[in-house]
Protein chains: 2
Amino acid sequence: MPDKDADKSQNSLFVGTLSKGLRVLRAFDESHTSLSLAELVARTGLDKSAVQRLAYTLHVEGMLDKDPTSRRFRPSHAWLELAYAYYWSDPLIARAMPKLVALSRSIGETVNLAQMSGDHIIYALRLPNQRTQFAASIVGRRLPAIATAAGRVMLATWPQPEWETAVATWPIQAVTPKTVTDREEIRQDVEQAMRNGFTITANQMILNEISVALPIRGVDSRAQAAVQVSVSAHSFDFDRVRREILPALQDTANGILA
Amino acid sequence: MPDKDADKSQNSLFVGTLSKGLRVLRAFDESHTSLSLAELVARTGLDKSAVQRLAYTLHVEGMLDKDPTSRRFRPSHAWLELAYAYYWSDPLIARAMPKLVALSRSIGETVNLAQMSGDHIIYALRLPNQRTQFAASIVGRRLPAIATAAGRVMLATWPQPEWETAVATWPIQAVTPKTVTDREEIRQDVEQAMRNGFTITANQMILNEISVALPIRGVDSRAQAAVQVSVSAHSFDFDRVRREILPALQDTANGILA
DNA sequence: TATGCCGTATCGCATAGTGATACAATAAAA
DNA sequence: TTTTATTGTATCACTATGCGATACGGCATA
């Protein structure tokens with residue numbers, strides 16, 4: 001029996017053609033919003049004829065739109081339909097939604113639901129306010145977990161050996177000049193989140209933004225999700241966040257318990 | 001040369017294996033949130049071995065999660081990542097987002113951005129309030145275009161022969177006992193939307209909900225998107241909607257012009 | 001306990017998908 | 001404007017990938 005994990009393409013269950021098709025889909029991202037055939041070839045590393053066939057099939061199947069004039073491809077509405085199916089499949093989303101909406105309305109700030117996704121977090125629900133940047137308003141964004149308040153409070157609920165390994169090994173990405181990249185400092189923040197049950201960060205993903213997060217624990221006490229609020233550092237400091245945002249956030253997180 | 005349009009599977013560019021993989025993905029929807037191998041076989045019509053290979057590949061590629069105990073499959077976070085790429089690819093989203101957020105905050109009601117998608121509309125952005133049902137809070141939902149306020153106001157900006165054909169032939173789905181299914185009545189509503197520049201409906205998709213929508217026209221005056229607000233029929237009637245919601249909605253739509 | 005169903009694993013086979021290639025169309029450079 | 005380069009489209013011979021059939025173990029149901 002072939003080694004299932006050594007090289008997935010050596011496993012006889014693996015369907016290479018489907019894998020290549022997914023590679024074409026994944027060529028599109030925030031910096032590649034529409035792509036020509038040649039660009040798809042470059043970005044996927046596949047042969048030109050293969051890309052022609054795969055892109056044609058994705059287009060016929062409604063996964064890609066093709067501009068008749070420029071002949072460039074771009075994501076279709078079908079990508080939003082997949083998000084729709086995802087939302088129904090994750091019971092936490094339906095439980096969290098009304099509570100996040102209520103919180104967002106009551107405090108007037110940006111509210112997010114983040115989930116652990118490998119060594120990153122992904123934003124599953126985003127309730128922006130008028131200050132929120134576009135990139136921070138849309139679902140599906142992934143950020144390195146240990147660089148974010150949400151990631152750190154989830155890790156803080158894991159067994160210590162696990163979160164310490166995560167802090168020591170997971171990727172760090174400096175997004176602002178003030179992003180903390182010292183792993184010891186991150187470790188201390190996670191440790192403090194263990195004690196406090198929440199964490200507050202500033203300037204990590206967006207300059208002049210303060211972020212406060214609480215974990216949403218599962219039945220085993222281990223969190224795979226967190227609620228998180230962003231506020232402007234021009235209007236808040238850590239003390240004001242603790243007084244004015246944290247109580248409502250704690251009530252919200254408690255009401256969503258997994 | 002094969003006839004490109006007669007039967008896509010007879011076209012030599014068409015990749016059947018990729019198409020089958022997409023069929024597996026599409027087996028998941030709001031009523032099928034997790035699926036066993038056998039259920040995937042039933043829902044896709046594919047052979048059991050094929051489904052085993054396709055599902056395995058989608059899992060290895062991170063598109064499906066597989067519960068190790070129940071061995072059921074469900075959508076993964078990758079589906080949200082696709083939505084993220086879609087949002088960047090559609091310039092209207094970035095333009096509309098801050099204006100819809102502002103409108104939502106100022107009137108306190110549910111605000112949506114809908115787009116035409118074949119003979120349906122699809123909700124690309126949704127800013128729910130505390131009353132909003134879950135199904136009306138999440139992106140990616142598709143509804144028959146002519147049954148919705150948003151669909152009708154978009155059609156109202158199309159050349160008359162085109163929208164009349166749409167009204168005569170596109171599918172109708174009765175979602176509530178009060179959903180209008182008479183095509184003549186729908187035609188009159190679209191005609192009125194041509195004159196007024198907006199439409200108001202009640203009880204069509206949700207009982208006791210009033211919906212008001214305005215088109216977002218492109219440079220050719222033809223709308224492929226609309227902004228739409230939902231309010232409770234317990235708190236509003238048509239006159240109150242015209243007085244209190246419509247002016248702000250008109251300002252918002254004007255500020256998003258494509 | 002027996003039977004049925006489901007998930008997993010394997011195999012021989014044939015066709016589906018491949019990469020190479022040619023050519024038309026378009027873009028870019030001279 | 002002309003020439004050259006690049007891109008997109010179309011076709012073909014070939015082979016390896018993916019197929020359906022089948023067997024078997026595990027689990028659920030009767």
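Letters A, B, ... mirror the listed sequences (proteins, then strands); counts begin at 1.
Atom CG of A/Leu18 and atom C1' of D/dG18 are 11 Å apart (whole Å). Spacing between atom CD of A/Glu39 and atom C1' of D/dG8 amounts to 13 Å, rounded to whole angstrom units. Summarising the geometry, the separation between NZ on A/Lys20 and C1' on C/dA16 is reported as 12 Å, rounded to the nearest angstrom.
With distances taken from any side-chain atom of B/Lys48 to the nucleotides D/dT9, C/dT8, C/dT18, the minimum falls on C/dT8. Closest contact between the side chain of B/Arg53 and the listed nucleotides D/dG18, C/dA9, D/dA10 involves D/dG18. Nearest to the side-chain atoms of B/Arg71 among the listed nucleotides D/dT22, C/dT8, C/dT18 stands C/dT8. Of the candidate nucleotides D/dG8, C/dG17, D/dG20, C/dG17 has the atom lying nearest to any side-chain atom of B/Val15. Looking at the side chain of B/Gln52, the nearest of the listed nucleotides D/dT9, C/dT8, D/dG20 is C/dT8.
Between the side chains of B/Ser19 and A/Glu61, at least one donor-acceptor pair of N or O atoms lies under 3.5 Å. In the model, B/Gln115 has a side-chain atom that pairs as donor or acceptor with a side-chain atom of A/His77 under 3.5 Å. Neither side chain, B/Asp29 nor A/Tyr84, offers a donor N or O lying under 3.5 Å from an acceptor on the other.
Taking only distance into account, the side chain of B/Ser49 meets the base of D/dA21 through a donor-acceptor pair shorter than 3.5 Å.
Sequence order on DNA chain D of the closest nucleotides to A/Thr17 and A/Ser36 puts A/Ser36 first from the 5' end.
Annotation: cation-pi pair A/Arg126/A/Tyr123 present, NZ/CZ under 6.0 Å from the ring centroid and within 45° of its normal.
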